[in-house]
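Every heavy atom of this structure was used, including side-chain atoms; hydrogens, water molecules and symmetry mates were not.
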Amino acid sequence: NTMKLINLIINAFKKYWNVIFFLAMLAASVPTNTQLRKCSATSSGIVSLELAGSPQKALTIRESLSGAHPALIAVAEHNIWIDFGFILSYGWLLWWLAGLWNDDDCNIKPARQLILAACPFAVTENIGMLLFLNNGPAGLQWLFFVAAVLKFVLLLIVLVWGLALWSIGP
């Protein structure tokens, strides 16, 4: 019985490693995002900085993190470093899910190309935020804001595409 259970776990891991990796990275980001939400300027976690609509708002967030809560800059940076792993995990997960939507290569190939296109925007966004949090110029806000918006738009298209293919069925 023990060997059957071990084999079952190993086979599940082999088949669903990408889901497990995604969940692990998601879980890793929860503590830092929870800490960031305690600050009124980052009540939505790191997304507050990602989608700060102006350099002034981004500066206010940075000042709030470094002023009232000095340790929160380090927490935000830690959250961003975790996000690099999260990018890899959701990229692989969406790639895998795109393969489940439809076996016809012409239906999944564009979705997979959009996934590949979104990931460099996410990396650019993270690099921009790390530079900004380390006293980079306020103008960096436009870099990570535009990268974040493009990433979210591309991933939204992939999800809508997937739901449309899923609703149509095989």
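Across all non-hydrogen atoms, the minimal contact from Ala122 to Lys151 is CB-CD, 3.4 Å. Nearest heavy-atom pair, Ala148 versus Leu51, reported as atom, atom and distance to 0.1 Å: CB-CD2, 4.0 Å. The two atoms that bring Cys39 and Leu72 nearest to each other are CB-CD1, 3.6 Å, heavy atoms only. Between Gly91 and Cys119 the shortest heavy-atom distance is CA-SG, 4.2 Å.
Considering CD1 of Ile73 and CD of Glu63, their distance stands at 10.0 Å, rounded to 0.5 Å. A distance of 8.0 Å separates CD1 of Ile80 from CZ of Phe144, quoted to the nearest 0.5 Å. Atoms CG and OG, on Leu26 and Ser89 in that order, are 8.0 Å from each other to the nearest 0.5 Å. Rounded to the nearest 0.5 Å, atoms OG1 (Thr2) and CG (Asn7) are 11.0 Å apart. Atoms CG and CZ, from Leu150 and Phe145 in turn, are 9.5 Å apart once rounded to the nearest 0.5 Å. The OG atom of Ser66 lies 9.0 Å from the CG atom of Leu133; values are rounded to the nearest 0.5 Å.
Using a 4.5 Å heavy-atom threshold, the side chains of His78 and Val75 count as separate. Leu49 places a side-chain heavy atom less than 4.5 Å from the side chain of Phe132. In this structure the side chain of Glu77 reaches within 4.5 angstrom of the side chain of Asn134, judged on heavy atoms. Side-chain contact between Glu50 and Phe152: present, with at least one pair of heavy atoms (C-beta onward) separated by less than 4.5 Å. You'll find the side chain of Leu140 reaches within 4.5 Å of the side chain of Pro137, heavy atoms only.
Under the 4.5 Å side-chain heavy-atom criterion for grouping Ile, Leu, Val, Met, Phe, Trp and Tyr, Leu154 is not connected to Leu156 through any hydrophobic cluster. Linking ILVMFWY side-chain heavy atoms closer than 4.5 Å, directly or via other members, places Val30 and Leu88 in two distinct hydrophobic clusters. Placement of Leu159 and Val149 within a single hydrophobic cluster is found when ILVMFWY residues are connected by side-chain heavy-atom separations under 4.5 Å, directly or transitively. Cluster membership check: Ile46 shares its hydrophobic cluster with Val146, using side-chain heavy-atom separations under 4.5 Å among Ile, Leu, Val, Met, Phe, Trp and Tyr. The hydrophobic clustering, which links ILVMFWY residues whose side-chain heavy atoms are closer than 4.5 Å, places Val47 and Leu36 together.
Taking a 6.0 Å sphere around CH2 of Trp81, one finds it holds 12 or fewer heavy atoms contributed by other residues, nucleotides or ligands.
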side-chain contact (heavy atoms from CB on, under 4.5 Å) between Leu130 and Phe84: does it pass, once the steps are laid out? CA-CA 12 Å; Leu130 286 170; Phe84 283 108; 3.9 Å; yes
Under the side-chain contact (heavy atoms from CB on, under 4.5 Å) criterion, do Thr42 and Arg37 qualify, and how do the steps go? CA-CA 5 Å; Thr42 53; Arg37 286 190 177 105; over 6 Å; no
Pair Tyr90, Leu155 - check side-chain contact (heavy atoms from CB on, under 4.5 Å), show working. CA-CA 10 Å; Tyr90 73 68; Leu155 293 176; 3.7 Å; yes
Criterion side-chain contact (heavy atoms from CB on, under 4.5 Å) on Asn135 and Arg62, from CA distance to verdict: CA-CA 9 Å; Asn135 295 315; Arg62 183 172 71 190; 4.3 Å; yes
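In this structure a side-chain-to-backbone donor-acceptor pair under 3.5 Å is present from Thr124 to Pro120.
Side chain to side chain, Gln35 and Asn79 fail the donor-acceptor criterion of an N or O pair below 3.5 Å.
Partners of Phe22 according to the ring pair (Phe, Tyr, Trp, His ring centres under 6.0 Å) rule, which considers only residues two or more places apart in sequence or in another chain, are Phe86.
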